[in-house]
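Working notes, beginning with the structure itself.
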Amino acid sequence: DVSSSFVHKYTLAGSSYFVSVISLKMTRVQGMHWQVVSFLPEKIVTSDIIRGRNIAIYVAISLGVFIAICVGIVVKLMLSPLSLIASRMESAAYLKVRGGGGKTVDSSSTEH
């Protein structure tokens with residue numbers, strides 16, 4: 001028969017501990033009452049949680065950086081044809097045409 005129980009956090013010598021106390025009454029033995037005390041360092045309870053949290057943060061940051069790099073490469077590859085189109089549009093805007101032999105001729109200065 002469990003009559004009461006509680007858990008408290010205490011700090012001893014700079015370290016935190018969880019202390020659990022359970023009061024037990026032995027019904028078969030008259031007057032027999034037990035106090036069961038469990039003393040557990042906080043580091044044992046929280047170390048796995050903190051390690052898992054840190055791993056999740058590192059994975060998320062790494063994945064974010066990887067995705068950003070991939071997006072940058074894809075954008076660069078998709079926009080590279082635009083520089084060729086832009087230079088051709090600029091040439092057309094200034095009425096520059098390519099003559100024979102690969103020379104650029106300004107058509108506005110030639111006589112018709």
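None of these values were measured; they are calculated from a predicted model. Throughout, numbering of the chain's residues begins at 1 and tracks the sequence.
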Hey, quick one: are L12 and V37 part of the same hydrophobic cluster, counting side-chain heavy atoms closer than 4.5 Å, chains of contacts allowed? yes
Check: V75 and M78 side chains under 4.5 Å, non-hydrogen atoms: no
Can you confirm whether K9 sits close enough to S16 that some side-chain heavy atom of one is under 4.5 Å from a side-chain heavy atom of the other? yes
Rounded to the nearest 0.5 Å, what's the gap from CG on L63 to CD1 on I67? Could you check? 4.0 Å
Close side-chain approach of V71 to V74, heavy-atom, < 4.5 Å: no
L82-M89 co-clustered via ILVMFWY side chain contacts under 4.5 Å: yes
CD1-CG distance between I85 and L79, expressed to the nearest 0.5 angstrom: 10.5 Å
So, do V45 and L40 sit near enough that their side-chain heavy atoms are less than 4.5 Å apart? yes
I'd like to know whether L84 forms a side chain to side chain contact (heavy atoms under 4.5 Å, CB included) with S87, so could you lay out the CA-CA distance, the side-chain angles of the two residues, the decisive distance to 0.1 Å, and finally the verdict. CA-CA 5 Å; L84 177 62; S87 66; 4.2 Å; yes
Main-chain N/O of V59 paired to S62 side chain as donor or acceptor, under 3.5 Å: no
Step through it carefully: locate the ring centre of Y17, locate the ring centre of F39, and say whether they are under 6.0 Å apart. yes
Above 12 or not: heavy atoms from other molecules or residues under 6.0 Å from CZ of R53? yes
Please tell me if the side chains of I22 and Q35 come closer than 4.5 Å, counting only heavy atoms from C-beta onward. no
Taking C-beta and beyond as the side chain, do V19 and V7 meet within less than 4.5 Å on heavy atoms? no
Interatomic distance, OG1@T46 vs CZ@R51, rounded to 0.5 Å, equals 10.0 Å
Is H8 close to F18 at the side-chain level, that is, under 4.5 Å between some pair of heavy atoms? no
Say you draw a straight line from NZ of K43 to OG of S15; how long is it, rounded to the nearest 0.5 Å? 5.0 Å
